[in-house]
Amino acid sequence: MSTPGLQRPAPTSPAALDALTRRPVRDLLVELGGHVVLGVAVLGMALPAALTLRDAEAPPYRPLPTGLALALLALASVLVLMGHRRRGTDRLPLPALHALAMGVILVVTAGLWWASTWSSPAPSPSAPLLAVFATWVAGAVSSVLFWRRPLPRAQPHHDPLLDEDGPVRVLAALAGASSYRADALQERLGVNEPTLVAWHRQLVNVGYATSHLRGGRPWLDATGLGRTALTEHLTAVSAGT
């Protein structure tokens, strides 16, 4: 029996479902834009030091006034927050090994800067600039590498619920993100609100998805069980079992 107001999409191929697990390119560009804005802001404050000559006749380095530096950082932060509000998804947490690698980069560059200040009364500005550049590049690279985080490996297992095109499309989109804003997911799937709510409720009932409010707007999430179930189902479909 059909439910009034619900849309019935055509069956989705495994390749299309796999594509749904990739977060929107727009969100990737927003994240990269945030790294660029913050990097330029910090670089703008550090650049005068890089232009200071180290010979005895050079005038002493004068840092940016505190008020101007704070205003620059505040503007950069506002721009980043505005970008984040436009994102429809949150990325999954970084794997522990990658997060550790980024931490090592920051510690090493901070150590280089500390060593330069300790060993010379006129420390080279290259160390703090290196720290800024390393942090900037590491953040941008992590956004690109984990724009679409691979689904967990699993044995093939056919799930009757995921034979229904609606719930499996929702779960595929949720599986590639930490959270998905409901209106953004509705737009991506091209369905109306009652349809998305009904599909999501089916996933919630079996423990494959949850939801939460953020800033007064609903966000949808896939659980670990849901990500595993999707991988098992896609593996079974691809194998023809």
Enter the distance from [X]:[atom1] to [Y]:[atom2] here, rounded to the nearest 0.5 Å.
X    : Y    : atom1 : atom2 : answer
Q155 : T235 : CD    : OG1   : 8.5 Å
L196 : R169 : CG    : CZ    : 10.0 Å
T89  : L220 : OG1   : CG    : 12.0 Å
L174 : H200 : CG    : NE2   : 6.0 Å

Heavy-atom pair with the smallest gap, counting every atom of [X] and [Y]:
X    : Y    : result
R23  : A177 : CG-CB, 4.2 Å
A184 : G88  : CB-CA, 3.7 Å
P24  : Y180 : CG-OH, 3.4 Å
L162 : A229 : CD1-O, 3.8 Å

Looking at the rings of H157 and H233, which for Trp means the six-membered one, are their centres under 6.0 Å apart? no
Under the 3.5 angstrom rule, does the side chain of S179 hit a backbone N or O of D90 as a donor-acceptor pair? no
Salt bridge (Lys or Arg N to Asp or Glu O under 4.0 Å) filter on R22, not counting sequence neighbours, yields D18
[Y] side chain reached by [X] side chain, heavy atoms, under 4.5 Å:
X    : Y    : result
L230 : V168 : yes
T195 : Q186 : no
D159 : Y208 : yes
L161 : L203 : yes

Sequence neighbours excluded, every pair satisfying salt bridge (Lys or Arg N to Asp or Glu O under 4.0 Å) that has a member inside residues 183-207: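 Of all non-adjacent pairs touching residues 183-207, those that pass salt bridge (Lys or Arg N to Asp or Glu O under 4.0 Å) are R181-D183.
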Joint cluster assignment, W219 & V204, ILVMFWY side-chain distance < 4.5 Å: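 W219 and V204: separate clusters.
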Set out, in order, the CA-CA distance, both residues' side-chain angles and the distance that settles side-chain contact (heavy atoms from CB on, under 4.5 Å) for L189 and L20, then state yes or no. CA-CA 9 Å; L189 298 181; L20 274 175; 4.0 Å; yes
